[in-house]
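A, B, ... follow the sequence lines: proteins, then strands. Residue 1 opens every chain.
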There are 4 protein chains.
Amino acid sequence: MPLLIRIDPEDDRAIYVQIMDEIRRAVLLGGLTAGEALPSVREVAAEVRVNPNTVRQAYRELQREGLLGTRRGVGSFVREDANLDDGQREAARRRVARRVLRDAYRHGLNLDELITLLREVAAPREAGGSG
Amino acid sequence: MPLLIRIDPEDDRAIYVQIMDEIRRAVLLGGLTAGEALPSVREVAAEVRVNPNTVRQAYRELQREGLLGTRRGVGSFVREDANLDDGQREAARRRVARRVLRDAYRHGLNLDELITLLREVAAPREAGGSG
Amino acid sequence: MPLLIRIDPEDDRAIYVQIMDEIRRAVLLGGLTAGEALPSVREVAAEVRVNPNTVRQAYRELQREGLLGTRRGVGSFVREDANLDDGQREAARRRVARRVLRDAYRHGLNLDELITLLREVAAPREAGGSG
Amino acid sequence: MPLLIRIDPEDDRAIYVQIMDEIRRAVLLGGLTAGEALPSVREVAAEVRVNPNTVRQAYRELQREGLLGTRRGVGSFVREDANLDDGQREAARRRVARRVLRDAYRHGLNLDELITLLREVAAPREAGGSG
DNA sequence: GTGGTCTAGACCACA
DNA sequence: GTGGTCTAGACCACC
């Protein structure tokens, strides 16, 4: 299985929040589908090099949200009745944008400076970045 | 470990500055070597009889200088590398931009979609993002 | 302040669950009223001799239930809008009874044996325990 | 610490029994003294190359015998006192009853109210509590 | 193996 | 001081 979850140590968000977001993303974007098993707490912990308790906290919060279910001695899985409508996908995208903006402000960048920089760093990958 | 830091109440310098100097001195003189763990904020605070926040301020400034590093849940330690020069600030900003972009890609957004979203969520704050 | 929370090490329930129940009890029985501050996580931890994280977990779950609110750097308190109706009081009592029964079964006692024992041990305190 | 426990695969006794005997021997011979911590279940399992559950079973049996004690989140250790005789079972039951009663009192229930509630909640299981 | 609970003790943000 | 996050690593119940 490819690495499901990626943590950014420079991201100011708590690690367990990043993990939650990565799992939400994987579910919303189809990397994980309803009923599917998630990697175990220990596996994720080993992969992203964090303490199992940190991963556990993320899984626990997602259980409360109703996205995940768990069975002791068995594992965790995406709930069948997890609502995965388009509105949630759009909300996820806006969350990303808001987070990005906060991040930029914290580093002394305003919106225009951020956009300029984004175009610059994207150039090599998108061959001009359009716009 | 013997008392690492000694504060002189008759010294005119702010206490946190004295603590910073004491730690710098310990590193330069070899009392503390690269990679070595520092005593915890609370330990130092208890030893030299100052508020933990004062010690924390000293540690934080030394982190900014690049002399110390810290790992959440573990402690503070002397960094392996030296402090960075001023031009590195620009590099840091580009790192932010690259991180942002990677985050967006992972959520299925390309550059233009991200910029559009950024302008939307920034609108209330920057009135269109150009002022 | 008298000891608000009492933990029973022989109780098989997780400690944080016991703490939750003790706080619910104090609120329902009037020992704590809406808006009132709770002892800090560290205070409770010191009183009942458990790790602060264990107390924190209890507080956190009660926040999610809507019974408690917390403000960082300030403390925790009973929420003004916590519903404390008679139905909840009755439910709390039935929870106690169910727990007691489970406890007895685990120790090889059936209902009648338990009641007999209860009357015996209560006798010195209630002078016969009635009928 | 040198290897505490040695298992003989040609020994007819169950492995967990061998482990129990090895620990008893270590305590009797002074290799382990009262209050001393035992290696963790996982450590022993790794050393003697058996399943952790097997070691756990040995530890659990020794707990029942009264030779070992365990503290959650800390580990297992040799108990200061010896094992208890059989007549203590009755005392344990009375402890249960006393605990139950204290719990009820704390929730504002007297003996009769508790018994009434117990009969109610037991009804579905014991069909009235007398059979 | 799995998830769940707990300890000890660190730093962090906030007031 | 407060609450919040995190590490390291233990035992427990269950499969």
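- The CG-P distance, from A/L38 to E/dT2, rounds to 13 Å in whole Å.
- Residues satisfying the salt bridge (charged side-chain N to carboxylate O under 4.0 Å, His left out) test with A/R95, not counting sequence neighbours, are A/D21.
- By the side chain to side chain contact (heavy atoms under 4.5 Å, CB included) test, A/T54 is found to be paired with A/I15, A/Y16, A/V50, A/N51, residues two or more places apart in sequence or in another chain being considered.
- Taking atom CZ of C/F77 as the reference point, atom P of F/dT2 lies 16 Å away to the nearest angstrom.
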Can you build the contact string for nucleotides 4-10 of chain E? Use B for base contact, S for sugar-phosphate-only contact, and - for no protein heavy atom under 4.0 Å. SBBBBBB
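- Residue pairs meeting the salt bridge (Lys or Arg N to Asp or Glu O under 4.0 Å) criterion with at least one partner in residues 48-60 of chain A, sequence neighbours excluded, are A/R60-C/E61.
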With pairs defined as Watson-Crick or G-U wobble and both distances under 3.5 angstrom, please note down DNA chain E as a dot-bracket string, | for pairing with another strand. ||||||||||||||.
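- The side-chain hydrogen bond (donor to acceptor under 3.5 Å, both in side chains) test applied to C/N53 returns no partner, not counting sequence neighbours.
- Between A/I5 and the choices A/V48, A/V55, A/L38, the side chain to side chain contact (heavy atoms under 4.5 Å, CB included) rule is met once, by A/V48.
- By the salt bridge (charged side-chain N to carboxylate O under 4.0 Å, His left out) test, B/E43 pairs with no residue at all, sequence neighbours left out.
- For C/E22, the side-chain hydrogen bond (donor to acceptor under 3.5 Å, both in side chains) partners at least two apart in sequence or on another chain are C/R25, D/R106.
- Here A/E36 pairs with nothing under the salt bridge (charged side-chain N to carboxylate O under 4.0 Å, His left out) rule; sequence neighbours left out.
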